[in-house]
Amino acid sequence: MVVLATDLDGTFVGGDPSDKKELYELIEANRHKITLIYVTGRSMQSIRRLEHIPKADYYISDVGTMVWKGTELFKEVQEKIDARWSEDHEKRAKEMMDGVPGVGLQPSAGGRRVAFDYIEHELETSVWDLGKMFQEAGFNPIISHRKYLDVLPHGVSKGPTLKSLLEHITADTSKLITAGDTLNDLSMFHYSTSLASATSILVGNADKEVREALKEVPNIHRAERAGAGAILDVLKHRL
C-alpha cells in the first residue's frame, strides 16, 4: 500500500490544472492501493472547502497540531499533542507578540497553536529573531511563505506528527511518498529522508527558503514540474 502524505497549497492543489485532474483521477482509480494523508497548515474547516480534491484517509491539519481520521479526531496521536499545549501556552505566545510592529494575530487559526501574519518590511527585527525568542521560551516556531509565523507546542510539527500517525496505523514506510513546497514542510522532509526507501518530493515551484534548507540533504527528489505534476510523475511509477 503506497502512503502519499502531501502538503496542499502549492503542492497537491498547485500546478497545472490538467496535472491536477490526472492526479486526482489516478488516486480515485487506485484507492485500494493508496493511503492518502493531507499534511497542511490549513484547518479542517478550510480543507473541507476544497471540494474538488479526493477525500483523504487521514488529515494532519494546522501545521501538524491536529490529526483526523475522516471527520473524527485520531485520539491516539491527538492526545499526545494536547498534552504539550494549554491555555497558558496560548496566552503567553499571544502576549509575546502583543504590540510588536509588523506582526498580527490570525484570529481564525485553529489547532494547538497560535498563528501570526507578519509584514517583513514593517518588522523592527528579523522574523528569525522572533522565532528564536519563541524557541527560547519553549515553543516550536515555524516560519513559512515569508508571511506566516506559527507558534506550536515544543516538539510538534508536520514531521513528528506524521511519524506518530504512521506508527499507530502500522503503515509500510518503505512505500511512503511525501511532497511539499515551503519551510513548514521541512520537518516532514527530515522524517521521510531518514527512511531508506521513502520518496521525498520537493516540487518544482518550491520556495527558495526550503530549497536552501534542503540543499545538503540527500534523498530528495527535486522535481522540475510544479505541484500536482511532480507528484503525478512519481506516483505513476510507484503504483
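Quick caveat, the model's predicted, so the values are computed rather than measured.
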For a 4.5 angstrom cut-off between non-hydrogen side-chain atoms, does [X] reach [Y]?
{"X": "L162", "Y": "Y191", "result": "yes"}
{"X": "I27", "Y": "L4", "result": "yes"}
{"X": "V234", "Y": "I177", "result": "yes"}
{"X": "D7", "Y": "D181", "result": "yes"}
{"X": "D9", "Y": "T182", "result": "no"}
{"X": "R48", "Y": "R42", "result": "no"}
{"X": "P141", "Y": "Q135", "result": "yes"}

Cluster question for you: counting only ILVMFWY and a side-chain heavy-atom cut-off of under 4.5 Å, with indirect links fine, are [X] and [Y] together?
{"X": "M96", "Y": "V127", "answer": "yes"}
{"X": "V77", "Y": "M188", "answer": "yes"}
{"X": "V67", "Y": "Y58", "answer": "yes"}
{"X": "Y38", "Y": "L232", "answer": "yes"}
{"X": "L149", "Y": "L152", "answer": "no"}

Decide if atom CD of E95 counts as having more than 12 heavy atoms of other residues, nucleotides or ligands within a radius under 6.0 Å. yes

Verify the neighbour count for atom NE2 of H52: are there more than 12 heavy atoms of other residues, nucleotides or ligands below 6.0 Å? yes

Of all the heavy-atom pairs spanning [X] and [Y], show the shortest one and how long it is.
{"X": "G111", "Y": "T65", "answer": "CA-OG1, 3.6 Å"}
{"X": "H237", "Y": "D233", "answer": "ND1-O, 2.9 Å"}
{"X": "F116", "Y": "F134", "answer": "CE1-CZ, 4.0 Å"}
{"X": "A93", "Y": "V151", "answer": "CB-CG1, 4.1 Å"}
{"X": "S200", "Y": "F189", "answer": "CB-CD2, 3.8 Å"}
{"X": "W85", "Y": "P153", "answer": "CE3-CG, 3.5 Å"}

Decide whether [X] and [Y] meet the rule of one side-chain donor and one side-chain acceptor closer than 3.5 Å.
{"X": "R238", "Y": "T199", "result": "yes"}
{"X": "S18", "Y": "D16", "result": "yes"}
{"X": "S192", "Y": "T178", "result": "yes"}

So S157 and S187, side chain to side chain donor-acceptor pair (under 3.5 Å) or not? Walk me through it. CA-CA 7 Å; S157 59; S187 66; 2.9 Å; yes

Go through the steps for R112 and D82 under the test salt bridge (charged side-chain N to carboxylate O under 4.0 Å, His left out), then give the verdict. CA-CA 7 Å; R112 308 301 185 254; D82 292 349; 2.7 Å; yes

Apply side chain to side chain contact (heavy atoms under 4.5 Å, CB included) to M97 and L130, showing your working. CA-CA 9 Å; M97 291 294 100; L130 298 180; 4.0 Å; yes

Aromatic plane relationship, H89 with F139 - under 30° parallel, 30 to 60° tilted, over 60° perpendicular: perpendicular

Nearest-0.5 Å distance that lies between atom [atom1] in [X] and atom [atom2] in [Y]:
{"X": "K158", "Y": "I142", "atom1": "NZ", "atom2": "CD1", "result": "9.5 Å"}
{"X": "T40", "Y": "N184", "atom1": "OG1", "atom2": "CG", "result": "7.5 Å"}
{"X": "T161", "Y": "F74", "atom1": "OG1", "atom2": "CZ", "result": "12.0 Å"}
{"X": "I60", "Y": "I47", "atom1": "CD1", "atom2": "CD1", "result": "10.0 Å"}
{"X": "S61", "Y": "L73", "atom1": "OG", "atom2": "CG", "result": "8.5 Å"}
{"X": "I201", "Y": "D185", "atom1": "CD1", "atom2": "CG", "result": "12.0 Å"}

For [X], give me all partners under side-chain contact (heavy atoms from CB on, under 4.5 Å), at least two apart in sequence or on another chain.
{"X": "K33", "result": "N30, L239"}
{"X": "E28", "result": "R31, P54"}
{"X": "K80", "result": "S164, H168"}

Please confirm whether the ring centroid of Y148 lies under 6.0 Å from the ring centroid of Y118. no

Can you name the one residue among V2, D57, L166, D172 that meets side-chain contact (heavy atoms from CB on, under 4.5 Å) with T35? D57

Check ion pair D117-K147 (N to O, under 4.0 angstrom): no

For D207 and H145, run side chain to side chain contact (heavy atoms under 4.5 Å, CB included): C-alpha distance rounded to whole Å, both residues' side-chain angles, the deciding distance at 0.1 Å, then the answer. CA-CA 7 Å; D207 290 351; H145 295 280; 4.3 Å; yes

Has T173 got a side-chain atom pairing as donor or acceptor with L176's backbone, closer than 3.5 angstrom? no

Test log, rule side chain to side chain contact (heavy atoms under 4.5 Å, CB included), inputs H154 and R84: CA-CA 7 Å; H154 177 71; R84 294 171 176 259; 4.1 Å; yes

Mind checking what makes side-chain hydrogen bond (donor to acceptor under 3.5 Å, both in side chains) contact with E90, not counting sequence neighbours? K94

Counterpart residues, salt bridge (Lys or Arg N to Asp or Glu O under 4.0 Å), relative to K236 (two or more places apart): E22

Sequence neighbours left out, cut at 3.5 Å: what donor-acceptor pairs do the side chains of residues 209-221 make with other protein atoms?
{"residue": "E209", "atom": "OE2", "partner": "R146", "partner atom": "NE", "Å": "3.4"}
{"residue": "R211", "atom": "NE", "partner": "A206", "partner atom": "O", "Å": "3.3"}
{"residue": "R211", "atom": "NH2", "partner": "V203", "partner atom": "O", "Å": "3.4"}
{"residue": "R211", "atom": "NH2", "partner": "G204", "partner atom": "O", "Å": "2.6"}
{"residue": "E212", "atom": "OE2", "partner": "K215", "partner atom": "NZ", "Å": "2.9"}

Kindly indicate, with the supporting measurements, whether the criterion salt bridge (charged side-chain N to carboxylate O under 4.0 Å, His left out) is fulfilled by E87 and K91. CA-CA 6 Å; E87 289 183 4; K91 180 182 177 183; over 6 Å; no

